[in-house]
Amino acid sequence: MYFNGTNFDTYLKDYPDEKGYFGRYGGVYVSPELTAAMAEIADAYYTICKSRKFIAELRRIRKEFQGRPTPISHLERLSASLGNVQLYAKREDLNHTGAHKLNHCMGEALLAKYMGKKKVIAETGAGQHGVAMATAAAYFGLQCDVYMGQVDIEKQAPNVARMQILGANVIPVTEGLATLKEAVDAAFAAYAADYTNSIYCIGSVVGPHPFPLMVRDFQAVVGIEAREQFVEMTGELPDAVVACVGGGSNSMGMFAGFLNDPVKIYGIEPLGRGPALGDHAASLQYGTEGVMHGFNSIMLKGADGGPAPVYSVASGLDYPSSGPEHAFLRDLGRVKYDVVGDEETIDAFFTLSRMEGIIPAIESAHAVAYAMKLAKEMGRGSVLINLSGRGDKDMDYVISHYGIR
Ligand SMILES: *Cc1c(COP(=O)(O)O)cnc(C)c1O
């Protein structure tokens, strides 16, 4: 299928190019030392991860350890309450550890094993990526160092405990604002100092090449499964697919399955409290082109030109940029990016819980809220939501800040 001059029959093989670019976005913007390390990971990815042995092992792990394939659920009561459009959810909340993140962490850790690395290094904000990484490291018997801002450590005690129970070292970062940005910087620095023994495992489709490629391909299992399951369930493709976008991994995985189909695709960013800088994390909506964390994309910039402070009720969406492939798909017009704020998200969180018996992650509730609006607009047809994770981690926060609705 051609879309605005781009051939989507071969899209997933054509992009990124060998330098890691999706059009003008992506690339490798790191020190010369780390550039060499990235090239080593890229070489390993193109050879090892395309081998029959690696693919077979990853398939077995997905089935026997992660519990894949995750099902699609028809949201019957919710659909009926909105009109004639049928809503469906791809249940990544039922993936082991309760979210999609383990999909790429198992792939990255398996690659580490094949490369003979002893240690995985990761950053984490709210702790979700750290927990998924610690889980993968435990499975493969790898050492795991997770860099986490001191402020986040204090806010996310249960995830810190999980990582420690799983045997990871949680290393506090006290520089600057002591949150995600500083944790990324510290993790990169630790990796630069020890890249022969270790491998850096990023938490989304962000960072220097080959990470946006690797994470997309490991997450593509979500979209590939979903497409097949949806056709089997209904005999046709969905009319629309919706996913939330922070860094952009759950959405990119889902979209990868449908880019070459006549399906409308929506990526939903967090509008938080509103459109003023500092109140949201909707980088593709309000950002401009720039380089951070080793890649060129669309980002929200502060007064100094560096990453701006961002906010969302969903800590997993709280990132001042998005993966370069999202910027590219936005410019192509293949994916429509839109926003949903905190209030609508919290409403959707309760609505899905009450009507379907599924408590969604607040991140995923952004996609649910948008799909509900879309269903009313469309009048008829079907919408597939990527339910990226479960909301157990968010219950205390929601109850204390919003009460029971
Ligand atoms: C981390 C997280 C996200 C956001 O990350 P992406 O890379 O944008 O997918 C979304 N949903 C859940 C449940 C998460 O844990």
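Quick caveat, the model's predicted, so the values are computed rather than measured. Order of appearance sets the numbers: ligands from 1, and atoms from 1 within every ligand.
Aromatic ring pairs are classed by plane angle as parallel below 30°, tilted from 30° to 60° and perpendicular above 60°; the pair F54 and Y114 is perpendicular.
At a threshold of 4.0 Å, the pair D392-R390 counts as salt-bridged, since one of the basic side-chain nitrogens sits closer than that to a carboxylate oxygen. Comment: K393 engages E363 in a salt bridge, judged by a side-chain N to carboxylate O separation of less than 4.0 angstrom.
The CE atom of M133 sits 9.0 Å away from atom CE of M106, with the distance rounded to the nearest 0.5 Å.
When K101, R68, H100 are each tested for a side chain to side chain donor-acceptor pair (under 3.5 Å) with E92, only one passes: R68.
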Are there any protein N or O atoms under 3.5 Å from the N or O atoms of ligand 1? List them with distances, or say none.
from, atom 1, to, atom 2, distance (Å)
ligand 1, 7 (O), S204, OG, 2.6
ligand 1, 7 (O), G248, N, 3.2
ligand 1, 7 (O), S249, N, 2.7
ligand 1, 7 (O), S249, OG, 2.7
ligand 1, 8 (O), G246, N, 2.8
ligand 1, 8 (O), G247, N, 3.2
ligand 1, 8 (O), G248, N, 2.7
ligand 1, 9 (O), H100, NE2, 3.1
ligand 1, 9 (O), S249, N, 3.3
ligand 1, 9 (O), S249, OG, 3.2
ligand 1, 9 (O), N250, N, 2.8
ligand 1, 9 (O), N250, ND2, 2.8
ligand 1, 11 (N), S388, OG, 2.7
ligand 1, 15 (O), K101, NZ, 2.6

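For T10, the side chain to side chain contact (heavy atoms under 4.5 Å, CB included) test picks out N7, D14, with sequence neighbours left out.
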